[in-house]
**Q** 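This structure is in C-alpha cells; I'll ask about it shortly.
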Amino acid sequence: MPDPSPYTVELLFDRDCGFCVRSAEFLGRIDRRGRVSTFALQQRGAPERFGVDTDAALEQAWAVDSRGDRYAGAGAINAALSGVLGTRIPLFVYRIWGVRQLQDRVYRWVAANRHRLPGKGGSCAVD
C-alpha cells in the first residue's frame, strides 16, 4: 500500500543570488507534483522557519522535509531533488561515504563562486 502522505520539502535560498534564483526556478519547472516549496531568505520570517539565522542562510541552502529532518548545503539540494522525484534515493546516495564528501566539496565551491555562475536577477551578496 503506498504511503498516503507524499514526501515534500521546503527549500530556503538566497533571492539576491542570480544562480540561486535560477536553480530554484529550475526546481519549480521540474517539480510536476508540487512537492518542493521554495522560500527566499529575504522573506520575513523565512530563516526562522528553517531554524537558522541570516548569516547561516547566506552561507548555504537549507531544507526541511515532511518528516521534520533538516538539511544544509549539498544535503539540502539532495532533499529538494528527493522531493521533486518523489523518492528519497538522492538522499540515500548522498549518505554513501565518498559521495557525500565529494558533493559537499562541489557544493562549497559552487557556494563560494556563485556570483560568477550564470543566473538572472539578484546582486549576489557574496564578494
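For the single chain, residues carry numbers from 1 onward in sequence order.
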**Q** Between Ala80 and Val36, which heavy-atom pair has the shortest distance, and what is it?
**A**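 The answer is O-CG2, 3.4 Å.
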
**Q** Is Asp69 reaching over with its side chain to a backbone N or O of Asp65, donor-acceptor style, under 3.5 angstrom?
**A**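 No, the answer is negative, given that no donor and acceptor are paired below the 3.5 Å cut-off.
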
**Q** Please find the pair of heavy atoms, one from Tyr71 and one from Ala79, that lie closest to each other, and give the distance.
**A**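 For Tyr71 versus Ala79, the nearest heavy atoms are CD1-CB, 3.6 Å.
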
**Q** Once you round to the nearest 0.5 Å, how far does OH of Tyr7 lie from CG of Leu91?
**A**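 So the gap between those two atoms works out to 4.5 Å.
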
**Q** With ILVMFWY side chains joined below 4.5 Å, transitively, what does Trp97's cluster contain besides itself?
**A**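 Listed partners: none, Trp97 stands alone.
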
**Q** Taking distance alone, no hydrogens or angles, what donor-acceptor pairs closer than 3.5 Å link side-chain atoms of residues 98-106 to residues at least two apart or in another chain?
**A**
{"residue": "Gln101", "atom": "OE1", "partner": "Gly98", "partner atom": "N", "Å": "2.6"}
{"residue": "Gln103", "atom": "OE1", "partner": "Asn78", "partner atom": "ND2", "Å": "2.5"}
{"residue": "Asp104", "atom": "OD1", "partner": "Tyr94", "partner atom": "OH", "Å": "2.5"}
{"residue": "Asp104", "atom": "OD2", "partner": "Tyr94", "partner atom": "OH", "Å": "3.4"}

**Q** Measure the CG-OG distance between Asp31 and Ser37 for me, rounded to the nearest 0.5 Å.
**A**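 Going from the CG atom of Asp31 to the OG atom of Ser37 covers 8.0 Å.
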
**Q** Looking only at non-hydrogen atoms, find the nearest pair between Phe19 and Arg114 and report the distance.
**A**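 Scanning both residues, the minimum pair turns out to be CB-O, 3.8 Å.
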
**Q** To the nearest 0.5 angstrom, please state how far the CZ atom of Arg35 sits from the CG atom of Leu27.
**A**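 If we round to the nearest 0.5 Å, Arg35:CZ and Leu27:CG are 14.0 Å apart.
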
**Q** Rounded to the nearest 0.5 Å, what separates atom CG in Leu41 from atom CZ in Arg49?
**A**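 Between Leu41 CG and Arg49 CZ, I get 14.0 Å after rounding to 0.5 Å.
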
**Q** To the nearest 0.5 Å, tell me how far Thr8 OG1 sits from Arg67 CZ.
**A**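 CZ of Arg67 is found 11.5 Å from OG1 of Thr8.
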
**Q** Are Phe92 and Leu81 co-members of a hydrophobic cluster defined by side-chain heavy atoms under 4.5 Å apart?
**A**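 Different clusters.
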
**Q** Do Ile96 and Tyr107 land in one hydrophobic cluster if side-chain heavy atoms of ILVMFWY residues count as linked below 4.5 Å?
**A**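 Different hydrophobic clusters.
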
**Q** To the nearest 0.5 Å, what is the distance between CD (Glu48) and OG1 (Thr54)?
**A**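 The OG1 atom of Thr54 is 6.5 Å from CD of Glu48, to the nearest 0.5 Å.
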
**Q** Can you hop from Phe39 to Leu58 via hydrophobic side chains spaced under 4.5 Å?
**A**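 Result: yes, single cluster for both.
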
**Q** Could you pull out the closest heavy-atom pair between Arg70 and Gly51, with the gap in Å?
**A**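 The answer is NH1-O, 2.9 Å.
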
**Q** List the atom of Pro90, the atom of Ser82, and the distance in Å for their closest heavy-atom pair.
**A**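 Minimum heavy-atom separation between Pro90 and Ser82: CD-OG, 3.4 Å.
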
**Q** Taking the side chain from Trp62 and the backbone from Pro47, do they hold a donor-acceptor pair closer than 3.5 Å?
**A**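 Side chain of Trp62 to backbone of Pro47: no pair is present.
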
